[in-house]
Amino acid sequence: MASLSFQHVYKKYDGGVVAVSDFNLEVADKEFVILVGPSGCGKSTTLRMLAGLEDISEGEIYIEDRLINDVLPKDRDIAMVFQNYALYPHMTVRDNMAFSLKLKKMPKDEINRRVSEAAKILEIEHLLERKPKALSGGQRQRVALGRAIVRDPKVFLMDEPLSNLDAKLRVQMRVEITKLHHRLKTTFVYVTHDQTEAMTMGTRIVVMKDGFIQQVDSPTELYDNPINTFVAGFIGMPPMNFINATINVDGSDVYVTFENVTVKLPDRYAVEEVMERDGQEVIFGVRPEAITDEATYVTEHPETAFAADVDVVEMLGAETYLYVTVNGALPLTCRVDPTTSQSTVGQVVDLAIDTNRIHLFDKDTEQSIIS
Amino acid sequence: MEEIKKCIKLASSILKTEAGVMDTSGSIIASTNPESEGQSDSASRAVMLSEDQFSSTSDKSYMKITINDQVRYIAYLNGTDANSRVNLSLLGEWIKTVVKEHGTDAEKELFIKSVLLENELVGEIPIKARDFKINCNEPRLVIVVRTSEEDGANTLDILQSIYGETSNAAVFAMDEATSIIVLNVAELVSSDGDRNAFVDETSQAILDSLNNEGITAYIGVGSFVPVFQQIAKSYRDSMLALRVGKIFEKNCYISKYNQLGIGRLIYQLPSTLCRMFIDEVFPNEAYRSLDEDTLATIDCFFENNLNGSETSRELFVHRNTLVYRLDKVKKNTGLDLRSFDDAVLFKMASMVRTYLQYLETSKDNMIR
């Protein structure tokens, strides 16, 4: 169990390429932190610096109060789990789990005790004498986790550990890893490019892009209050609709206009940061679930209603996605309730926006206007 | 030694009495009773002087283990009756076979090393290979794994754990920091599998396994060769991949010979030619006038396919700042990076410069 501290950490390569820039993060003991972002954003590099597999160009990393910049990977008291299970094909599960302890010349009794305990936690006791080829993908991933657990590390590092699994198994293993975190009560740092994994597993999420931290927050905060268009677009599936719109101020009322549609914003937007942009373009962000085709809501909220052509209807069971076009020019995605939605392809449908769940971003900086 | 210990360990579950093996000076190297290990047996001298293969004292029987007409070890067993003699005889022969086999393994490893280093006559390779049961007519791939010297031993253990029990791979250490894997890829070739996918998966699995144990490693993957006789070529290619990757690729832990890109060309150029090219593109060492910010900007500009808007957004700088920096590059070097031709020239020259720097600083320079 350990806290982590990243202080002004940089990773620079020869030739001036900067993979990670001014990375600052405090991770509390027993926290489950997720580093998420698109490919090449520096998340794996950050994890590898923490693991000691990559040199730190500038800055300091601490595990508890111990500066680990120059500590060898094997002495950092960490364990890593990769996308590749990295199991030894000719060894049994038991030997696979014991391997790193044998390398450390740990006494046999202690090795056996740790392997048995880890196998019990992961419920793979019945697989201990099998070889990896006789295991399913999920079982192999459990063994990989087992190899990490037996080390009894202060910090678990996981680099896209579920990417090799099929969609169904991934969901199952997501739950397993979350349970494991609760059970082991250890600090977890988990890297993924999958925002669903990030949102469902982490207690805190670090969103990265181009080597920079964009936002560090809880899943709910990231979803409800994204700091910029990148975070807003990256978190949430289907992604947020971004609409180029103009701010119009009429007395104390604030409106946004796009494609001949005018939407009145709630009173909380009648603030200086918004009012001073009268006549200026902004990015109007609307999550798909904030647009509804429910007749009652549309009737009751004429100030946010507009018509659109339905291009595609995707019925997913618990929810329905409508892909619509406003005035033949602006494509939008809506997530509607399949029990009430009557929308069909080719139909012109009346929609309304729940303006309590909208976002405004500066057109140039792409930062949220109201924090 | 390890093999003998393993045998004795197995024997301890079969034999009801103490047994073991000592070297010719009488020092016990393995025993079913661990406390005896390291102790000396005074009877060894008499056993060695005896002309018989078997000898006995009042409570022990001894058997000399002779390999290639030379006594290498003495096996012993508590007891002098007929049964003890039979048990000792079986134990002695077992140890002898194991030692011989291990000797053969070591010789096989030496032979493969010798082929890799081109110390064998090509015509003799198939003849010698037959002795080691190596099928010369199957395709091979050589992979080089380089780590720090401290991690060398563990790396070899890990690689042997991955490939150890297969006849499809030979794994051994070339030096303290370099391990070699010679893979038999007949199955892949016959099944018409995707070679690139195989190389990607195999090299990544090796890297992940080593990383998992806290070992930083660099992997060079050679070319596929159709017969065993050509593994030296695959080895050369893997070493070249390792070097070129290290010079030109940032953040590169796996370098593949068939994916070296333009780095392959530059690496083959003579240094005098490289210097002439640099003097032509960057006269008066113009490159040195570019500061770190400008170099980072140029790199980002290239990564974004010369797209100014995307670059300025990514660098969090105003577009005018970017234009200013690119103008500065033009003023200092005479190259306008917004023009494709100049951008290509700059990119090539930067790589050549990186290569020259490597030549000046690297110890590998001595090897070339």
Side-chain angles (χ1 to χ4, degrees), chain A residues 11-19 21 40 42 44-45 47-48 51-55 71-91 95-96 99-104 131-132 144 147-148 151 153 157 159 161 164 209-212 229-230 364-366, chain B residues 148 150-151 153-155 157-166 200-217 246-253 290-300 302-304 310-311 313-316 318-319 350-351 353-354 357-358:
Chain A
K11 179 65 195 179
K12 295 176 180 175
Y13 293 104
D14 295 341
V17 178
V18 183
S21 280
S44 285
T45 308
L47 193 81
R48 290 176 69 84
L53 298 171
E54 197 91 54
D55 290 335
V71 177
L72 287 173
K74 58 177 186 283
D75 300 327
R76 293 190 181 197
D77 214 351
I78 50 156
M80 277 190 92
V81 181
F82 292 94
Q83 173 182 340
N84 193 315
Y85 314 117
L87 300 181
Y88 304 115
H90 309 291
M91 289 184 183
D95 290 339
N96 260 287
F99 188 76
S100 61
L101 305 183
K102 282 182 185 164
L103 281 183
K104 286 183 179 171
K131 288 191 175 173
R147 291 205 326 188
R151 293 167 188 236
L157 309 182
D159 193 354
N164 264 356
K209 181 179 177 258
D210 301 329
F212 289 90
T229 52
F230 175 76
D364 294 326
T365 64
E366 299 187 352
Chain B
S148 66
E150 297 80 54
D151 287 330
N154 279 349
T155 299
D157 274 354
I158 290 165
L159 295 177
Q160 282 174 340
S161 301
I162 299 173
Y163 294 108
E165 288 174 25
T166 60
D200 288 349
E201 276 171 27
T202 307
S203 49
Q204 192 60 51
I206 293 169
L207 184 67
D208 284 350
S209 298
L210 294 170
N211 283 174
N212 216 7
E213 303 303 338
I215 296 171
T216 308
K246 219 170 172 182
I247 299 168
F248 297 109
E249 294 290 322
K250 57 182 190 293
N251 196 15
C252 176
Y253 294 95
L290 306 175
D291 58 31
E292 206 172 288
D293 272 353
T294 310
L295 289 174
T297 304
I298 294 167
D299 211 78
C300 190
F302 286 159
E303 275 182 9
N304 285 294
E310 200 57 36
T311 307
R313 213 164 59 81
E314 206 163 285
L315 291 172
F316 296 101
H318 195 274
R319 205 183 143 72
S350 308
M351 288 182 76
R353 197 173 170 275
T354 307
Q357 279 177 338
Y358 157 79

What residue, out of L157(A), T365(A), N84(A), has the most heavy-atom pairs lying under 4.5 Å from chain B?
N84(A)

Heavy-atom distance under 4.5 Å to chain B: side chain of E54(A), backbone, both or neither?
both

Between N211(B), T354(B), N154(B), the one whose heavy-atom pairs under 4.5 Å with chain A are most numerous
N211(B)

Aromatic Y85(A) / basic R147(A) pairing, under 6.0 angstrom, 45° off normal:
no

Run the salt-bridge test on D159(A) and R48(A) with the 4.0 Å N-O cut-off and return the result as yes or no.
no

Checking Q204(B) against D208(B): is there a side-chain donor and acceptor pair closer than 3.5 Å?
yes

By a 4.5 Å heavy-atom criterion (distance strictly below it), what part of E150(B) contacts chain A: side chain, backbone, both, or neither?
neither

Set of ring pair (Phe, Tyr, Trp, His ring centres under 6.0 Å) partners for F230(A), sequence neighbours left out:
F234(A)

Counting heavy-atom pairs under 4.5 angstrom with chain A, the leader among D151(B), N212(B), T216(B) is N212(B)

Region of M80(A) in contact with chain B, defined by heavy-atom distances below 4.5 Å
both

Apply side chain to side chain contact (heavy atoms under 4.5 Å, CB included) to A217(B) and list each qualifying residue two or more places apart in sequence or on a separate chain.
V145(B), T147(B), L207(B), L210(B)

Name the region of R76(A), side chain, backbone, both or neither, that has any atom closer than 4.5 Å to a heavy atom of chain B.
neither

For the backbone of I215(B) and the side chain of K74(A), can you confirm whether one donor and one acceptor N or O come within less than 3.5 Å of each other?
no

When the 4.5 angstrom heavy-atom criterion is applied to T45(A) and chain B, the contacting part is side chain

